[in-house]
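Working notes, structure below.
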Amino acid sequence: MLAAVEISPREAEVLELVGAHLSNAEIAARLFISVRTVESHVSSLLRKLEVPDRRALAQRAPEPAGAGPSHPAPVLPAPLTSFIGRVSEQAELTKMIKAHRQVTAVGPGGVGKTRLALAVAAEAAGEYSDGVWFVDLVPVTDPDLIATAVAGALGLGEQPGRDMTESVVAALADHHALLVLDNCEHVVDGVALFLERLLGTCPRVSVLATSRARLMVPFERVYPVPPLSLADDGESDAVALFMERAAAVGRPLDPPLRDQIASICERLDGMALAIELAAARYPTLGLDGITAALSHPLRMLTGGSRADERHRSVRAALDWSHALLEPDDKALLRRVSVFVAPFTATAAAEIAGAEQGLVADGLARLAEQSLLVVTASPGRTEYRALETIRQYGTERLTEAGELVDARARHLRWCLSIAADLAVPRADWRARFDQVADELRAALAWAADQPDQRTYAYDLARHLAKPTFTRNLIGESQQRYEQAAALADDPATTASMLRQAAAVAGCRMRGDDMYRLQRAAADAARRSGDTAGAACDLATAATNAYRFSGKFERIPPLEEALALTTEARELAGDDLAAQAAVALAEAAVLTDAFGAVQGPTDNAVPETIARAERAVELARRTGDPLAESAALDALTGAQSWAGDTFATAAMARRRITLLSSMPISPTGTQELIDALGMVTEASLGAGDVPGARRWARQLADHPSLAEVGHQATCRLLVVEALAGDVDEVLTGSVRFLDAWRRAGSPTRSFLGPAVAGVAMIHGLRDDHGARREWQEVLDQLGTPPEHTYGYGAIFDAILFLHHGQAPQALERMAPEPAEVWKWVTWIWLHWYVALRAEAAVLARGSDVGDRLAEARTVVAGNPVATAIVERAQALLDNDQERLLATVDAFDTAGCRYQSARTLVLAGGDHAARGAAALADLGIAPMALLRPPVN
């Protein structure tokens, strides 16, 4: 079936991943393309394969030849050496992960937990339709960042409105996948909390963890990883491993030497790491030398009161390998143990305080002795110490009295790297990903060192910026708050708290934003900056109204009034403070933003006056962000006045102000809000091409990549009203998929998009799909704006299409003034124009007066004017005038209304109109009255 359809190689990849039930964001991450590119491929596949939706498309995904269902390739690290033996252990552990959702492979360092887990995961990959994913927790020093590490492995970003754990859980909620969490022992508490939420919410996700200690979670089943087998005849996994590793370094062993090898392996208690270290020494020491070294009683007893005797064998092997090193190499090994992630020779030279060439030679020698793992790529060579060896090196560093100095060098190196990240370069994301774990580790150490407090503050501040830009916005807020706590003076604390508040706003965390802004005010007061405190208090009050939809607990009117009053008292003659207070007064006293907690009525002249004063004061400050926020208030005020074109002009002015602003938390929050407002305001004024342009810019904003429902909601409204069915169907796939992954949030601003998609399915006569979207709409609730605003508009368009003009007129029975606030925002012209047309087609009373009034209201709006003119032409039976509106609709970018007009014109025109509707994918129209002759 697929062979008859031409599908590009990239489309085939997308189709396979759709069949694996990956979201568009996950497909984009897997294929390293944008979400919008994925959407284009999905749209193309829907068209080529002639299927109605994503579920049907998933059923068309091909199965591999001679196999069952297609499964994503496991995302596991590729071991540099072969996996030896462990047949029975592998079988036992595989059986356990099939029977239990959370299995922990427990054992001492060096026993081979990781390699066994990787082998088991690779073997079991075919059992998990949504893939197998590996997460290395060695670099994670903060238990709160477990979810961030998992999200990084999955290619996910944080969803605004959720923390990273919630984002991961939402993404995996309906997935059948296996997570391998490696090296959990140092963050057991964080892993336990994460797993309880993950496994309790994602019923088809399983976890295989490796740890030196149990995780102590309810689902846990423990598998103790034994040492490699030691058989009396020398035929053992331990011997096989020694011989294979010896051969790998160029000295194959003869079978007659097995007994001697078995003796060495027995001394090492079958510990995989110890055996590999010994095998690496074979070319230089031979078996006799290894035997003599391991017989040294002091080294065999090194390790003190360790967890068990087996760990002493690893300690013995490490002590022995360490003793054979030259002094410079010993020093290098212990100093590079501060690195938690792969590092380069250049970085090692910084920490070791030595010449790079000498350090590179030393690293090569350590790698030859299996004390470091080396990975070479065309651009760089990296080294990494296994966790057991790294911990051993850290202990040696402590014994040598060098720990603080080495950590301090590492901290200063991290600070220089962090500062370098601030320099704009095309590859900054890749550079950040390479060093992020090092920066976090350095900060975790420095934050607990009183004498490093200044450096810790600098690093937290430096880390906050790239994590925000990298869309790790939860961590960014955490870093700004951490920087605030580490700052030496309250003025700096206030500055960091303001940034943290802005990030919280980007995360849709209104309560955090409010808390942090008030904390900033307290810090500013302590520093003596009363004007700054006034700005903070006023901003907190403003945000409670301006972004009320982001709050769980909406501050009551009395609280907002108290903040505004206090801010006014502190502002004095400071211009910025006065501007902030003026905006708070517009927000709280006259509800310029139409807040959830605001009154249903407000005095429009007073609202406009207060908003204009806020704009004027903000403009005089020279701060584009302050002016943008004030213009947002004036945009709302103008809309309450019914001045649609002034509303659109204010919204465009905000975009002009913000277009050249650098990326920052406050700027990002402002820009996303402005793009949403300018899209809606442009649509309200009939500028469909402009609205589409702004909506696409919003949909493509990287901060919204993980929240496709928020990214596409405005674009769906534009395309629905324009009648671009293919665009609506494509965008609705992303919307619904993201909305469900986000936990189906009941955000009221999503309502117009859902109603628009439901209308499009109604125009297509796809009753099943329309019912599905109506159910989503029901989940969002029915606020007044749905009843009288966008809901009335979309319902009326559908009624008119089906020839049910009386029902359309009844749906819009109230005069606009009767439902003032719910239609004046962007729906006023659409409401008035469609209401006039419905009155004509339903043969209502006073139709002439209604058309004249409508023409006055919508004057200047190309789409609404064309609808009114079409209604007048139908009333007057004027075909020439009617057909003139076809060109008007085409120019305005409303393909559906253009085709509808042709059908209403009758005759040959109706045939053209019906063909145009069919091309759009829309069902034939039903006519209530005879077409114009």
Side-chain angles (χ1 to χ4, degrees), residues 136 138-142 183 186 318 321-322 325-377 379-422 431-449 451-460 462-463 466:
D136 183 8
V138 167
V140 179
T141 55
D142 185 342
N183 290 294
H186 62 300
L318 287 170
S321 292
H322 183 265
L325 296 175
E326 295 296 327
D328 287 347
D329 291 346
K330 289 179 182 179
L332 181 59
L333 178 64
R334 62 179 181 260
R335 288 169 186 169
V336 298
S337 69
V338 298
F339 289 105
V340 297
F343 57 90
T344 63
T346 302
E350 290 279 345
I351 306 306
E355 194 270 321
Q356 184 174 337
L358 296 176
V359 168
D361 288 341
L363 293 173
R365 287 191 295 272
L366 293 174
E368 289 171 359
Q369 306 305 323
S370 295
L371 292 167
L372 294 178
V373 176
V374 63
T375 304
S377 64
R380 56 196 277 141
T381 298
E382 292 183 328
Y383 302 85
R384 176 175 61 87
L386 297 177
E387 179 60 6
T388 301
I389 295 173
R390 194 182 73 81
Q391 292 182 7
Y392 177 86
T394 302
E395 291 177 6
R396 288 293 185 176
L397 201 57
T398 303
E399 292 170 5
E402 299 175 355
L403 180 63
V404 173
D405 181 64
R407 292 282 193 197
R409 285 177 180 269
H410 181 251
L411 175 61
R412 289 192 291 273
W413 175 78
C414 285
L415 277 168
S416 68
I417 294 298
D420 185 55
L421 286 172
R431 291 188 296 123
F432 171 77
D433 290 346
Q434 287 170 353
V435 301
D437 286 326
E438 293 297 343
L439 303 185
R440 292 168 180 141
L443 178 56
W445 174 78
D448 290 333
Q449 307 298 314
D451 59 339
Q452 302 292 338
R453 187 181 182 90
T454 300
Y455 292 127
Y457 159 76
D458 284 340
L459 187 52
H462 279 304
L463 194 52

Side-chain donor or acceptor of [X] paired with backbone N/O of [Y] under 3.5 Å:
{"X": "Ser321", "Y": "Leu318", "result": "no"}
{"X": "His410", "Y": "Arg335", "result": "no"}
{"X": "Arg390", "Y": "Ser337", "result": "yes"}

Looking only at heavy atoms, what is the nearest atom pair of [X] and [Y], with distance?
{"X": "Asp142", "Y": "Val140", "answer": "O-CG1, 3.3 Å"}
{"X": "Ile389", "Y": "Ala385", "answer": "CG2-CB, 4.4 Å"}
{"X": "Ala442", "Y": "Leu459", "answer": "CB-CD2, 3.8 Å"}
{"X": "Ala456", "Y": "Leu443", "answer": "O-CD1, 3.4 Å"}
{"X": "Gln452", "Y": "Ala408", "answer": "NE2-CB, 4.1 Å"}
{"X": "Gln356", "Y": "Thr346", "answer": "NE2-OG1, 3.0 Å"}

Using 0.5 Å steps for rounding, measure from the [atom1] atom of [X] to the [atom2] atom of [Y].
{"X": "Thr344", "Y": "Arg380", "atom1": "OG1", "atom2": "CZ", "value": "5.5 Å"}
{"X": "Leu366", "Y": "Leu333", "atom1": "CG", "atom2": "CG", "value": "5.5 Å"}
{"X": "Ile417", "Y": "Leu421", "atom1": "CD1", "atom2": "CG", "value": "7.0 Å"}
{"X": "Ile351", "Y": "Leu411", "atom1": "CD1", "atom2": "CG", "value": "9.5 Å"}
{"X": "Trp413", "Y": "Leu439", "atom1": "CH2", "atom2": "CG", "value": "7.5 Å"}
{"X": "Gln369", "Y": "His322", "atom1": "CD", "atom2": "NE2", "value": "13.0 Å"}

Given the options Asp361, Leu372, Leu325, Val359, Leu332 meets side chain to side chain contact (heavy atoms under 4.5 Å, CB included) only with Val359
Would Leu363 and Val374 satisfy side chain to side chain contact (heavy atoms under 4.5 Å, CB included), going step by step from the backbone distance to the final call?
-> CA-CA 9 Å; Leu363 293 173; Val374 63; over 6 Å; no
Chi angles and distances behind the side-chain hydrogen bond (donor to acceptor under 3.5 Å, both in side chains) call for Glu387, Gln391 | CA-CA 6 Å; Glu387 179 60 6; Gln391 292 182 7; 2.8 Å; yes
If you measure from the Lys or Arg side-chain nitrogens to the Asp or Glu carboxylate oxygens, is any gap between Arg384 and Glu382 under 4.0 Å?
-> no
Got a salt bridge between Arg409 and Asp405, using NZ or NE/NH1/NH2 to carboxylate O under 4.0 Å?
-> yes
Working for side chain to side chain contact (heavy atoms under 4.5 Å, CB included), residues Leu415 and His462 = CA-CA 8 Å; Leu415 277 168; His462 279 304; 4.3 Å; yes
Test of ring centre spacing under 6.0 Å for Trp445 and Tyr455 = no
For Glu368, all residues meeting salt bridge (Lys or Arg N to Asp or Glu O under 4.0 Å), sequence neighbours excluded | none
Who are the salt bridge (Lys or Arg N to Asp or Glu O under 4.0 Å) partners of Glu326, not counting sequence neighbours?
-> none
For residues Val336 and Tyr383, determine if any side-chain heavy atom of one lies less than 4.5 Å from a side-chain heavy atom of the other.
-> no
Report the C-alpha distance between Phe432 and Leu463 in whole Å, list the side-chain angles of each, state the deciding distance to 0.1 Å, and finish with yes or no for side chain to side chain contact (heavy atoms under 4.5 Å, CB included).
-> CA-CA 10 Å; Phe432 171 77; Leu463 194 52; 4.0 Å; yes
Go through the steps to decide whether Tyr392 and Arg396 satisfy the test side-chain hydrogen bond (donor to acceptor under 3.5 Å, both in side chains), and finish with yes or no.
-> CA-CA 6 Å; Tyr392 177 86; Arg396 288 293 185 176; 3.0 Å; yes
